[in-house]
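One structure is given below, encoded as structure tokens.
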Amino acid sequence: MKLTVASNQSVVNLNFSSQAMPAKTEDERPLRLLLVDDEPRLLQSLCELLRDGGYAMDTASNGKEALAALRRERYDLVLLDLRLPDMSGHDIMDAMRGDGLDASVIVLSGETGIDAAIGALKRGAYDYLRKPYAREDLLNTVGNALARRRLETQNKRMARQLERSEKLYRYLVDSSPDIIYTLNRDGRFSFINDRAQQLLGYSRHELIGNHYSMLVHDDDLERAYYVFNERRVGERATRNVELRLKPHDADAPDKGRAPLTLSFNSIGMYGTGHDPRNPEYFGTYGVARDITERKRAEEMISHQAYHDFLTDLPNRILFRDRLGLAMIHARRKETELAVMFIDLDRFKLVNDTLGHNKGDELLQQVAGRLKENMREGDTLARLGGDEFTVFLPDLQNRDDAAVVADKLLHCLSEPFFLDGHEVHISASIGISVYPGDGEGIEELLRHADMAMYQVKAEGKNSYVFYDGAMQEASYQKSTLEKSLRRALERGELEMYYQPQIDVRTGRIAGAEGLMRWNHPERGLLPAGEFLPFAEENGLMLPISDWMLEALCRDLKKWNDCGGEPVRLSLNLSPQYLDRGDFAEKMRQALLDCGVSPSQIEVEITENICISNPQHAIDQLTRLCELGVSIAIDDFGTGYSSLAYLHRFPIHTIKIDQSFIREIRHEDGHFPVVLAIISIANGLGLNLVAEGVETQAQARYLEQCGCATMQGYLFYRPMPAEQLVRLLRDNAALCA
């Protein structure tokens, strides 16, 4: 019979005769067969057909019996019917595979569809015979299946023998990737394996008879001589050394390869000669392993441990190490050194607007510019985020540090380009000087950090030297932060309101809610003096919750007085909008106070729309569905885009007071203000001018089409009780 066995690589044709197939395996165990069929006559017929083969045969009439037999006995071959009363033959094959039952399977089935055969073969069946089958086909198939199993058994036995042999030659196999060599007493190669050609490009014939020095890098020759030429005590004295070897084409100007680093394990070879007491040295045997990649990896790991991954600048660890050495040097020479703490201004806005990848690219460009403007010997490091540190050794006086700071600010003032986007940033730099501002690393860094925050508070884009008074300011800041955490509990926060006036009618059109803090020691504080601390320290969420509830309560008081409905606006922190349950908070507050959503307007900044547009759209849409209106505060001061006005559910634009201040007389031409008014009118949006302080500003805005204003010209922010009285008086006047 001819049997075709398919594999992934080829098709093998084998010829076997079922009559020649031995009925016993090589360990003299009779071949055991399991016949599975639910028809007794077929089982009896199978037994009769296979009786002359000398097999040990068992039968099963259902799947349960078959699996029990397979788990109880070791079978070489299973003749399996697909249709059984309790399960299919496929199920039995799945169970065999799941239980790790090793037996060949021939499927016997009356199924005519191709799916049954494919399913059986996919599960590892040796063959598939359809009923009724010819006697000769069955015998040949059984014989071939058992023949293949015999081959598999032989292969397994040979594999076990090879495994035992492998243990005897373990050292040789493990060393095969290495260069194995011997040197004669003169240091010339007397043997070397082919690994030398793979690693270095030299054939065995090019090296045999030549001195080892032809391979060793010039800087390592002295160390190589010590290892290979010194006559060492002991018949098999061993030396270990790392040497750099020159590849075959190392001197080629166009394709020269860098030296390879190899670890040599060399053993001196001695013979007794004529005098057993003085062994004769006649050469060296050794093994050399290529460790070039390991050395490179070690160097890379070492570099990464002390350098910033993004900018390749020294990191905090290396900076502190170098700074410590520089301070020791300065102490010995009685000179000064300066430490700079640099924080980029507006970096977060760029990062949020263009994405983190562009933010990383900007940091790389910033690092490059700063490095170009350092003096030789200065150290620039990145601490993380957008924070950099510098130390300047060997200062003649503080003016030297000021000159460097000016250069750094100037180089950062030039625009950066990120995929066609022109980006402008600046930096705030704090400077401390050793030893006057501190004699320890931590103290110098802390004081430079304090000075940097002083620059931030004074408007950014500058530098300042540390002053002792900053320590007190820092203490006050810390104290203020602690007090703010208790302000909510003590009821020290209060809502003030600045009315918005329709100058055509004189009627109060609404009011902007502004938070105040009745500080027990410092008196009434405006929001600008404490909300930045709340933003930094995670207090904006509870404070915003309080502000929302307070605003709704004040609206309820006014509504209870029977006055005409008035709309109050609420400034919304980006952190508060990011919280997923903000709309639900608003809905619940309106419901608790019985306030109409139309009386609430939420003010957001443009940056909220830019940082995460889709999330902002979702949140603002939920507010609009409640009936709350949305206003863009400080319009025109950020990355304004008409696309945002189309995409976002905006009802009102507020012109920032920085544009209003530019209006000095009513007959002038102020194109930015005119453009914003035109945009609002074109899109059908409400318009409010903030920070109106002069009659000229009010007349110009009214003439240009902006009738709703707020500012000191009309009213300053006032407590809720005063606003209620004002609304009553205003309603009476306008009646």
Side-chain angles (χ1 to χ4, degrees), residues 308 310-311 313 338-374 380-390 401-418 421-432 445-467 470 473-474 477 528-529 531-537 540 573-575 605-611 633-634 636-640 656-659:
D308 174 56
L310 180 65
T311 62
L313 294 175
V339 173
M340 292 183 175
F341 203 106
I342 304 172
D343 188 270
L344 302 184
D345 305 325
R346 294 170 58 85
F347 173 75
K348 185 178 185 300
L349 178 61
V350 175
N351 212 28
D352 292 342
T353 304
L354 300 180
H356 291 285
N357 289 337
K358 295 305 170 189
D360 289 346
E361 186 178 335
L362 177 60
L363 289 173
Q364 291 172 334
Q365 293 188 31
V366 167
R369 286 195 192 178
L370 293 176
K371 196 171 182 179
E372 289 174 359
N373 288 273
M374 295 285 104
L380 168 68
R382 179 179 177 231
L383 296 190
D386 60 344
E387 295 179 340
F388 297 84
T389 51
V390 178
V403 170
V404 175
D406 279 325
K407 288 177 62 179
L408 298 182
L409 292 174
H410 177 72
C411 79
L412 294 178
S413 66
E414 298 295 325
F416 293 86
F417 295 93
L418 304 171
H421 296 277
E422 183 176 317
V423 174
H424 292 268
I425 62 169
S426 58
S428 300
I429 304 177
I431 309 173
S432 61
L445 287 171
R446 186 172 67 253
H447 289 168
D449 190 31
M450 286 183 187
M452 182 273 294
Y453 275 107
Q454 181 72 22
V455 178
K456 291 278 189 185
E458 293 176 355
K460 307 177 182 179
N461 193 26
S462 185
Y463 69 87
V464 70
F465 285 89
Y466 171 77
D467 184 273
M470 296 177 185
S474 177
K477 175 183 174 182
E529 290 197 29
L531 285 187
F533 300 107
E535 293 275 5
E536 294 174 7
N537 297 282
M540 276 310 300
S573 164
Q575 294 182 12
T605 62
E606 298 171 26
N607 296 338
I608 290 178
C609 303
I610 295 169
S611 61
D633 194 15
D634 303 335
T637 60
Y639 286 83
S640 304
D656 187 65
Q657 59 182 344
S658 62
F659 301 123

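From a predicted model like this one, the values you see are computed outputs, not experimental measurements. Throughout, residue positions are numbered sequentially from 1 according to the sequence presented.
Screening V366, I429, V403 for a side-chain contact (heavy atoms from CB on, under 4.5 Å) involving L408 leaves a single residue, I429.
Residues A338 and I431 share a closest heavy-atom pair of CB-CG2, 4.1 Å. Heavy atoms only, all atoms of each residue included: S573 and M540 are closest at CB-CE, 3.5 Å. Minimum interatomic distance between L363 and G385 (heavy atoms only, all atoms of both residues): CD1-O, 3.6 Å. Contact record, A427 with L409: O-CD2, 3.3 Å, taken as the closest heavy-atom pair. In terms of heavy atoms, S432 sits closest to H447 at CB-CB, 4.1 Å. When all heavy atoms of E422 and P415 are compared, the pair lying nearest together is CG-CB, 3.6 Å.
From H421, atom NE2 reaches atom CZ of F416 across 16.0 Å, with rounding to the nearest 0.5 Å. The NZ atom of K407 sits 12.5 Å away from atom CG of L412, with the distance rounded to the nearest 0.5 Å. Summarising the geometry, atom CG belonging to L313 is positioned 8.0 Å from atom CG belonging to L370; distances are rounded to the nearest 0.5 Å. We find the CG-CG distance between D360 and L354 to be 12.0 Å, quoted to the nearest 0.5 Å. One distance of note links CG of L349 with CZ of R346; it measures 5.5 Å at 0.5 Å rounding.
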Begin from the C-alpha positions of L310 and R382 and carry the test side chain to side chain contact (heavy atoms under 4.5 Å, CB included) through to its verdict. CA-CA 9 Å; L310 180 65; R382 179 179 177 231; 3.6 Å; yes
Going through the distances and angles, do M340 and T389 end up as a side chain to side chain contact (heavy atoms under 4.5 Å, CB included)? CA-CA 5 Å; M340 292 183 175; T389 51; over 6 Å; no
Going through the checks in order, is the side chain to side chain contact (heavy atoms under 4.5 Å, CB included) test met by F417 and V423? CA-CA 6 Å; F417 295 93; V423 174; over 6 Å; no
Taking only distance into account, with no hydrogens and no angle test, what donor-acceptor pairs under 3.5 Å do side-chain atoms of residues 455-466 form with protein atoms, sequence neighbours excluded?
residue	atom	partner	partner atom	Å
K456	NZ	D343	OD1	2.7
K456	NZ	L344	O	3.3
K456	NZ	D345	OD1	2.8
E458	OE2	Q454	NE2	2.6
Y466	OH	Q471	OE1	3.4

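In this structure, M374 and V390 have side chains that are in contact, with non-hydrogen atoms separated by less than 4.5 Å. Using a 4.5 Å heavy-atom cutoff, the side chains of L380 and F388 are in contact.
Sorted by first then second residue, the side-chain hydrogen bond (donor to acceptor under 3.5 Å, both in side chains) pairs that include residues 363-373, not counting sequence neighbours, number zero.
A donor-acceptor contact shorter than 3.5 Å is absent between the side chain of D656 and the backbone of F659.
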